Peer 1: 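Structure provided below as structure tokens; questions to follow.
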Amino acid sequence: MLRRTVFKVASVAVVALVSGPALAQQAVKIGLILPMTGPFASTGRQIDAAVKLYMQQHGDSVAGKKIQLILKDDTGVADVTKRLAQDLIANEKVSVIAGFGLTPLALASAPLATQAKIPEVVMAAATATITEASPYIVRTSFTLPQATVPMAQWAAERGLKKVVTLVSDYGPGIDAEKAFSGAFTAAGGQVDNLRVPLANPDFSPFLQKVADAKPDALFAFVPSGIGAQFMKQFVERGLDKSGVKLIGPGDVTDDDILNGMGDVALGAITTHHYSAAHNSPENNVFVEAFKKANDGMRPNFMAVGGYDGMHLIYEALKKSDGATGEALVNAMKGLSWVSPRGPVSIDPQTRDIVQNIYVRKVQRVSGELYNAEFATIPNVKDPIKAAKSN
Ligand code: DHB
């Protein structure tokens, strides 16, 4: 009798063990962690909208698995990102963590991805070293050096001699400053560097220094969403009438806010991987569908990072036959596709995205301000890691 009861209890336990993971296998949960509120909410809003558009267009079933998205708002604070990532991994049993609107947020979660052996898909953050923080990080945004070195080359070729750089004082800003200064001085130019605090920035005193220095150009990096504030103070300091050219990576003339900046932005030259004005069949379809699904909101480079991040997850799941963990990260390496931004691939060594960088000028097109692309540097790798591997 006792033996029989024990057998019964044991068999119930076995059934529970088998059916638990077997059921869980039917779903692939993606934990999407974004700043949906706070100063960087535009990044969250853009990426969330793009991820949802991708799922709407491609369905929620891949390689026999149901894709389940769980969105969490980290408010742009690294401690919150880390706590949310921990909870998503331990309690929700997500197979992927994705999003990461700022560098400190991506870095805070890196050890958790390593420990859980699941991919961390970085859709926004862009400091070059991020992918070195975990072998499980794969990035679909860009790196600041990748976008910036072509700007220095353009400036030197156009005969600019003296440039002041003004950057937000944290990872991507310092990357942009160093990449620009290194390449521009190597080409014979002269550079002065200014750094502005990331939190609650007051650009005015720094812009006054720029006005006093009278350089040929001001090279500016501020994170996505902050450019409008920067431009307002640029005008208040009279820099729009000073003959100082505005140049930089394209974050400052971000498509989300560009049209609201007014004529002051006209003529700004930037280098970046995405413009809503990119003329290709893939982008025309993407922009139209994005606007339609989001009350006319124009997609920016953050949106395309989110859209491609989802594409990467879907295609890697197909390649791994639905397997997750290490197999999913491995399946991501070397994938290539045609994105709304142009042709892209995931560098299998660095897990960074290889992509075209476009030189653009702010122009009025059909009554709206756009970053109009006029030159292309094809297949650019992150130059920091490319230099290390040589
Ligand atoms: C980062 C954030 C941004 O909004 C941006 O435009 C570029 C880089 C970052 O924190 O890595």
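Every value quoted in this text rests on a predicted model; they were computed, and no experiment measured them. Numbering of ligands and ligand atoms starts at 1, following listing order. Throughout, numbering of the chain's residues begins at 1 and tracks the sequence.
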Peer 1: Check ligand 1 against Phe301 and write out every atom of the ligand that is under 4.0 Å from a heavy-atom position of the residue.
Peer 2: 6 (O)
Peer 1: Which ligand 1 atoms, with their elements, are less than 4.0 angstrom from a heavy-atom of Gly101?
Peer 2: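 In order of number, 2 (C).
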Peer 1: To which protein heavy atom is atom 6 (O) of ligand 1 closest, and what is the distance rounded to 0.1 Å?
Peer 2: Asp251 OD2, 2.5 Å
Peer 1: Tell me: protein heavy atom nearest atom 11 (O) of ligand 1, and distance?
Peer 2: Thr103 OG1, 2.5 Å
Peer 1: Not counting sequence neighbours, list each pair that qualifies as a side chain to side chain donor-acceptor pair (under 3.5 Å) and has a residue in residues 247-256.
Peer 2: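 Residue pairs with at least one partner in residues 247-256: Arg45-Asp256, Gln46-Asp256, Ser224-Asp254, Asp251-His272, Thr253-Asn371, Asp254-Asn300, Asp255-Arg298.
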Peer 1: When you compare the side chains of Glu326 and Asn330, does any donor N or O come within less than 3.5 Å of an acceptor on the partner?
Peer 2: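 Checked: Glu326/Asn330 side chains show no N/O donor-acceptor pair below 3.5 Å.
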Peer 1: Scan residues 178-190 for pairs that pass side chain to side chain donor-acceptor pair (under 3.5 Å), counting only residues two or more places apart or in two chains.
Peer 2: Ser181-Asn193
Peer 1: Using a 4.0 Å cut-off to any heavy atom of Ala125, which atoms of ligand 1 qualify?
Peer 2: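 So the atoms of ligand 1 that pass are 9 (C), 11 (O).
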Peer 1: Taking N or O atoms only and a 3.5 Å limit, does Ser224 qualify as a polar contact for ligand 1?
Peer 2: yes
Peer 1: For Leu102, counting its heavy atoms only, list the atoms of ligand 1 lying under 4.0 Å from any of them.
Peer 2: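 This gives 2 (C), 9 (C), 10 (O) as the contact atoms.
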Peer 1: State, to 0.1 Å, how close Tyr358 and His273 come at their nearest heavy-atom pair, and which atoms those are.
Peer 2: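 Heavy atoms only, the tightest pair is CE1-O, 3.5 Å.
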Peer 1: Side chains of His58 and Tyr314: any donor to acceptor distance under 3.5 Å?
Peer 2: no
Peer 1: What do you reckon, does Pro249 put a non-hydrogen atom under 4.0 Å from ligand 1?
Peer 2: no
Peer 1: Determine, considering heavy atoms only, which of Phe142, Phe40, Tyr170 sits nearest to atom 2 (C) of ligand 1.
Peer 2: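 Ranked by closest heavy atom to atom 2 (C) of ligand 1, first place is Tyr170.
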Peer 1: Determine whether the side chains of Tyr307 and Gln57 contain a donor N or O and an acceptor N or O closer than 3.5 Å.
Peer 2: yes
Peer 1: Check each atom of ligand 1 against the heavy atoms of Met302 and keep those under 4.0 Å away; list them by number with element.
Peer 2: 3 (C), 4 (O), 5 (C), 6 (O)
Peer 1: Backbone or side chain, does any N or O of Ala126 fall under 3.5 Å from an N or O of ligand 1?
Peer 2: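 The answer is yes, given that Ala126 and ligand 1 share an N or O pair closer than 3.5 Å.
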Peer 1: Strictly by modelled atom types, are Ser336 and Ser345 linked by a side-chain donor-acceptor pair under 3.5 Å?
Peer 2: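 Note: Ser336 and Ser345 side chains miss the donor-acceptor criterion.
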Peer 1: Side chain, backbone, both or neither: which part of Phe221 has a heavy atom under 4.0 Å from ligand 1?
Peer 2: side chain
Peer 1: Verify whether one side chain among Thr270 and Arg360 offers a donor that lies under 3.5 Å from an acceptor in the other.
Peer 2: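 Yes.
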Peer 1: Does either side chain, that of Gln355 or that of Tyr274, offer a donor lying less than 3.5 Å from an acceptor on the other one?
Peer 2: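 Gln355 vs Tyr274: no donor-acceptor pair found between side chains.
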Peer 1: Does ligand 1 have a heavy atom under 4.0 Å from the side chain of Pro172, from its backbone, from both, or from neither?
Peer 2: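 Side chain only; the backbone of Pro172 stays clear of ligand 1.
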